[in-house]
Amino acid sequence: MGEVDPAFFQDPEHRPRIVFTEAEGIPLIDLSPILSSGNVSVVEGLVSEIRKACKEWGFFQVINHGVALEKRQRIEAAARKFFAQSLEDKRKVRRHEKEVLGYYETEHTKNVRDWKEVFDFTIEEPTFIPASHEPDDKEVTEWINQWPEYPPEIREACQEYAQEMVKLAYKLMELVAQSLGLPADSFRGFFKDQTSFIRLNHYPPCPAPELALGVGRHKDGGALTILAQDDVGGLEVKRKIDGEWVRVKPTPNAYIINVGDIIQVWSNDEYESVEHRAIVNSERERFSIPFFFNPAHYTMVKPLEELTNEQNPAKYRAYSWGKFITNRKRSNFQKLNVENIQIYHFRI
């Protein structure tokens, strides 16, 4: 990425601090009870842990999650090989406004360029999405994955890992549903034609880690994010009790789970999505793999009727998930003059 272009510079109030606070007390939740035991009281304990984590932090880490370590290692190795290629080779699968999946190295968050390169692929092949963000346009288009020729094993590694993520996401959504006092399968129907995707992130060493960010501050627009990060670390979250940015220390073979904006809306603000960012390192490259669990494009996202009443009326009006993401995608390819669409635009 060469010298640091001012396009990467964060505004002074959003620059990372070189002296950071390591988060303490982050919930670390053991999922083995739902994998091995049908014991009701054990599962109830797990559900209350999830509730506490979602309310107090908006994210948590999970261990004993059932994802085969070998599949995670395989996709990580493939990602390293892919990103080690020349820019010319990586750009053979470069994404653009018509083909929105594949490799990209000039992404912006909050209209500031991120210090990273990415490779995106969807879970469903093809994935159906509205053709435009215009409300009256009913046309639907297909997102097709662009698979690189090198490394040859990348497609299979990605697809196998994706299936593991989907299984884990459904289990987590069942626990989230139960933690809100709903039947375990309450959310399942929303994901029948899911628009979920996985991103391979590569953050090269940065000569100005005090000025740039790997990913600027943001909240995830989907339902749930499952993040694998390497041992370098770099994820920071905004702690709810004091608004302080705190660093999340990597736990070997754990996953970090983020509550997304859709859960915030479905729960009518009972749970709030968490603001987070990725800082960069002047000496070491960093890799991470987030899985974004997203519903079907035709989903109208709104507070669930079971969680609203006269005392607690709906705080959001319904919005189309497909139109929302189509709108979001526009800012990946052009610097907008205004902040991209957010759920607060739908507040009642």
Side-chain angles (χ1 to χ4, degrees), residues 27 29 34 40 43-60 129-130 133 135-136 138 166 168-196 218-226 237-241 243 257-276 292-328 339-348:
I29 297 177
I34 56 165
V40 175
V43 174
E44 280 176 359
L46 191 53
V47 167
S48 69
E49 279 186 75
I50 297 274
R51 179 174 177 76
K52 191 168 188 284
C54 289
K55 274 192 82 69
E56 293 178 6
W57 287 87
F59 82 106
F60 50 94
I129 294 286
H133 68 286
D136 297 330
K138 301 287 186 257
V166 170
L168 177 56
Y170 275 125
K171 281 180 199 148
L172 290 164
M173 289 304 292
E174 287 184 0
L175 291 168
V176 169
Q178 289 171 284
S179 77
L180 289 164
L182 301 168
D185 62 355
S186 294
F187 296 119
R188 201 168 185 93
F190 292 115
F191 298 92
K192 179 172 167 280
D193 299 308
Q194 61 183 292
T195 53
S196 307
H218 67 286
K219 295 183 171 193
D220 293 341
L224 199 74
T225 305
I226 303 176
V237 299
K238 201 169 194 177
R239 192 164 51 194
K240 292 195 178 180
I241 50 166
I257 314 300
N258 279 5
V259 167
D261 284 344
I262 289 179
I263 285 181
Q264 180 168 330
V265 174
W266 279 341
S267 74
N268 205 34
D269 283 352
E270 183 69 17
Y271 297 160
E272 189 186 342
S273 58
V274 66
E275 193 168 24
H276 54 287
F292 301 98
F293 195 42
N294 298 332
H297 78 86
Y298 48 76
T299 302
M300 292 302 292
V301 181
K302 60 183 180 180
L304 297 176
E305 285 178 15
E306 301 95 312
L307 300 177
T308 57
N309 53 39
E310 281 182 27
Q311 290 73 42
N312 182 31
K315 294 176 178 153
Y316 299 88
R317 65 180 192 276
Y319 64 90
S320 157
W321 168 243
K323 295 295 183 185
F324 186 91
I325 38 172
T326 308
N327 218 326
R328 275 275 175 103
E339 184 180 31
N340 207 338
I341 193 164
Q342 307 288 338
I343 54 169
Y344 68 72
H345 293 129
F346 301 97
R347 273 199 177 276
I348 293 171

(request) Quick one: closest heavy-atom pair of Pro303 and Ala314, and the distance? (result) CG-CB, 3.9 Å
(request) Would you indicate whether the side-chain heavy atoms of Tyr319 and Ile343 approach each other to under 4.5 Å? (result) yes
(message) Counting C-beta onward and ignoring hydrogens, is there a side-chain heavy-atom pair between Phe293 and Ile257 closer than 4.5 Å?
(response) no
(message) With a 6.0 Å cut-off (strictly less than), is the heavy-atom count around NZ of Lys240, excluding the residue itself, greater than 12?
(response) yes
(request) Check side-chain contact (heavy atoms from CB on, under 4.5 Å) between Ser48 and all other residues, then give those that pass, not counting sequence neighbours. (result) none
(request) Quick one: list whatever passes salt bridge (Lys or Arg N to Asp or Glu O under 4.0 Å) with Lys238, sequence neighbours left out. (result) Glu275
(message) One pair to check against side-chain contact (heavy atoms from CB on, under 4.5 Å): Val274 and Trp57. What are the steps and the verdict?
(response) CA-CA 7 Å; Val274 66; Trp57 287 87; over 6 Å; no
(request) Could I get the full list of side chain to side chain donor-acceptor pair (under 3.5 Å) partners for Tyr316, not counting sequence neighbours? (result) Gln264, Asp269, Arg347
(message) What's the separation between atom CD1 in Ile262 and atom OG1 in Thr299, rounded to the nearest 0.5 Å?
(response) 7.0 Å
Report, one line per pair, each donor and acceptor closer than 3.5 Å where one atom sits in a side chain of residues 176-189; sequence neighbours left out.
{"from": "Ser179", "atom 1": "OG", "to": "Val176", "atom 2": "O", "distance (Å)": "2.7"}
{"from": "Ser179", "atom 1": "OG", "to": "Tyr271", "atom 2": "OH", "distance (Å)": "2.6"}
{"from": "Ser186", "atom 1": "OG", "to": "Pro183", "atom 2": "O", "distance (Å)": "2.7"}

(request) Report the residues that fulfil salt bridge (Lys or Arg N to Asp or Glu O under 4.0 Å) with Glu272, sequence neighbours left out, ordered by chain and then residue number. (result) Lys219
(message) Is the shortest side-chain heavy-atom distance between Ile29 and Leu46 below 4.5 Å?
(response) yes
(message) With a 4.5 Å cut-off on side-chain heavy atoms, are Gln342 and His218 touching?
(response) no
(request) Apply side chain to side chain donor-acceptor pair (under 3.5 Å) to Glu306 and list each qualifying residue two or more places apart in sequence or on a separate chain. (result) none
(message) Less than 4.5 Å apart, side chain to side chain, heavy atoms only: is that true for Lys302 and Trp266?
(response) no
(message) On a heavy-atom basis, which atom in Cys54 and which in Phe60 lie closest, and how many Å separate them?
(response) SG-CE2, 4.0 Å
(message) For His297, give me all partners under ring-ring contact (aromatic ring centres under 6.0 Å, His included), at least two apart in sequence or on another chain.
(response) none
(request) Run the salt-bridge test on Glu270 and Arg51 with the 4.0 Å N-O cut-off and return the result as yes or no. (result) yes
(message) When you measure from the side chain of Thr195 to the backbone of Ala296, do you find a donor-acceptor pair of N or O atoms at a distance under 3.5 Å?
(response) no
(request) Measure the shortest side-chain to side-chain distance between Val237 and Phe59 over non-hydrogen atoms and say whether it is less than 4.5 angstrom. (result) yes
(request) Mind checking the CG-CD1 spacing from Asn294 to Ile325? Nearest 0.5 Å is all I need. (result) 6.5 Å
(request) Measure the spacing between CG of Leu175 and OH of Tyr170 and express it to the nearest 0.5 Å. (result) 15.0 Å
(request) Identify the two heavy atoms, one from Pro27 and one from Ala53, that lie closest to each other, and give their separation to 0.1 Å. (result) CG-CB, 3.6 Å
(request) Mind listing the closest non-hydrogen atom pair of Pro135 and Lys138 along with its distance? (result) O-NZ, 3.8 Å
(message) Going by side chain to side chain donor-acceptor pair (under 3.5 Å), name the residues that satisfy it together with Tyr298, two or more places apart in sequence or in a different chain.
(response) Asp193
(message) So, taking the atom named CD1 in Ile34 and the one named CG in Leu172, what distance separates them when rounded to the nearest 0.5 Å?
(response) 7.0 Å
(request) Just jot down the side chain to side chain donor-acceptor pair (under 3.5 Å) partners of Ser196, sequence neighbours excluded, or say none. (result) Gln194
(message) Applying side-chain contact (heavy atoms from CB on, under 4.5 Å), can you list everything that pairs with Asp136, at least two apart in sequence or on another chain?
(response) none
(message) For Asn268 and Thr308, which I'm curious about, is there any donor-acceptor pair between the side chains at under 3.5 Å?
(response) no
(message) For Phe292, give me all partners under ring-ring contact (aromatic ring centres under 6.0 Å, His included), at least two apart in sequence or on another chain.
(response) Phe197
(message) With heavy-atom distances below 4.5 Å as the criterion, would you say the side chains of His276 and Asp220 are in contact?
(response) yes
(message) Working to the nearest 0.5 angstrom, can you tell me the gap between Met173 CE and Phe191 CZ?
(response) 4.5 Å
